[in-house]
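Just so you know, residue 1 is the first one in the sequence shown, and it goes up from there.
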Amino acid sequence: MEKILITGATGNLGRAVIESLLKTIPANQVVALTRDENKAADLKEKGVELRLGDYDDIASLHNAMAGIGKVLLISGGRAQNGLEQHQNVVDAAKKAGVKCIAYTGRCLKDRNTLANQLMKRHFETEDYIKNSGLNYILFRNILYMDAMVLLLGKDVLDTGINQPAGDGMASYALRSDMGEAIGNVLANYDCDNRIYDFTNSETYSFYDVAAALSELSGKSVIYMPVDPDVFLQVAMERGLPDFVANMSLGFMTDIKNGQESKVSKDLEIILGRKPASLKEGLKILFNLQYSI
């Protein structure tokens, strides 16, 4: 089996994917792309090969691709030149003769009506991959349930939920479940130009989130939908940078508009079990032990 290169290897998703791969294939077939070897020391101890590389450093990407059969491109996040960074990785993979490229995008209903404009980059990257001539696998991940801690705040049990998401539903899933599934596909499935929609088995509103947190904590957690202007004002009062506040508003607006409400069986099928439910996930994320 040829080596699999994981970019963004020291991030949360990258580590989850590598952990999944190591359960299936030998460590010497897993390669981690990192900008800092020190941050990946634990991976090296497990037998994973480290290669230095940066999405902005084309030469480093070319060197990192040597002898690689399959590449997982994990999105570079919020960088202004994020699309160009992704294109650099795709170009390097093609030049090196890599047989398959996989990408972690987003599972959203309609790319043309997104409020969060940053998300369009995922679809533009997919377009570039499709046009590259490489065989590909596209992982479209729903919004991580893990984002609840950031979006709602650690004090949510006391403050309640105040978000501009209306009655919107989302099929949140744990990042660890998605990482496990991505690893399973990379290790065991063909690179057949397939798109996987990784979502939970059902959708949840913030009323459901509030009810789950209430049951898990023994406290009364209330969800109160708020207007976007009120949300932004409170965010600024909390000291959030404008970019972060507006990006959070974009996520919430897309939830309100049903962008995150797609449901697919793909994640359940690849895991061989149901993904963690909302209540199971929140119990882990907020370290709640009251009940389940």
_D127 and K120 ion-paired at < 4.0 Å_ = no
*Euclidean distance, I101 CD1 relative to I137 CD1, rounded to 0.5 Å*: 10.5 Å
*Could you give the distance from CZ (F251) to CD (Q163), rounded to the nearest 0.5 Å?*
12.0 Å
List, one per line, each side-chain donor-acceptor pair under 3.5 Å for residues 56-66, sequence neighbours excluded.
residue	atom	partner	partner atom	Å
D56	OD1	N81	ND2	2.9
D56	OD1	Q85	NE2	3.2
D56	OD2	Q85	NE2	3.0
D57	OD1	A59	N	3.3
D57	OD1	S60	N	3.2
S60	OG	D54	N	3.1
S60	OG	D57	O	2.7
N63	ND2	A59	O	3.4

*Answer yes or no: is there an ion pair linking K39 with E37, defined by an N-O contact shorter than 4.0 Å?*
no
*Say whether Y55 and T7, considering side chains only, have a donor N or O and an acceptor N or O under 3.5 Å apart.*
yes
*Name all pairs fulfilling the salt bridge (charged side-chain N to carboxylate O under 4.0 Å, His left out) condition that reach into residues 171-193, sequence neighbours left out, sorted by first residue then second.*
D146-R175, D177-R273, E180-R273
*Under a 4.5 Å side-chain heavy-atom rule over Ile, Leu, Val, Met, Phe, Trp and Tyr, are L33 and L52 clustered together?*
no
*What about Y103 and Y136, are their ring centers closer than 6.0 Å?*
no
*Any pair counted as salt bridge (charged side-chain N to carboxylate O under 4.0 Å, His left out), so long as it reaches residues 11-33, sequence neighbours left out*: R15-D42
*asked:* Would Q259 and T113 count as a side chain to side chain donor-acceptor pair (under 3.5 Å) here? Give the steps.
replied: CA-CA 9 Å; Q259 287 282 10; T113 58; 3.0 Å; yes
_Residue pair Y172, Y144: steps toward the ring-ring contact (aromatic ring centres under 6.0 Å, His included) verdict_ = CA-CA 6 Å; Y172 311 97; Y144 298 144; over 10 Å; no
*Any pair counted as salt bridge (charged side-chain N to carboxylate O under 4.0 Å, His left out), so long as it reaches residues 80-102, sequence neighbours left out*: E2-K99
*Atom pair CD (E260) and CG (D254), whose distance is rounded to the nearest 0.5 Å*: 6.5 Å
*Pairs meeting criterion salt bridge (charged side-chain N to carboxylate O under 4.0 Å, His left out) with involvement of residues 195-212, two or more places apart*: D197-K262
*Pair R121 + E124: basic N to acidic O under 4.0 Å*: no
_Atom pair CD1 (I18) and CG (L13), whose distance is rounded to the nearest 0.5 Å_ = 10.0 Å
*By side chain to side chain donor-acceptor pair (under 3.5 Å) - contacts of E126 (at least two apart)*: R140
*Determine the interplanar angle of the Y196 and Y189 rings, folded into 0 to 90°, and report it as parallel if under 30°, tilted if 30 to 60°, perpendicular if over 60°.*
perpendicular
*Which atoms form the tightest heavy-atom contact between V221 and S214, and what is the distance?*
N-OG, 2.8 Å
*Using a 4.5 Å cut-off on heavy atoms from C-beta on, say whether the side chain of L143 contacts that of I255.*
yes
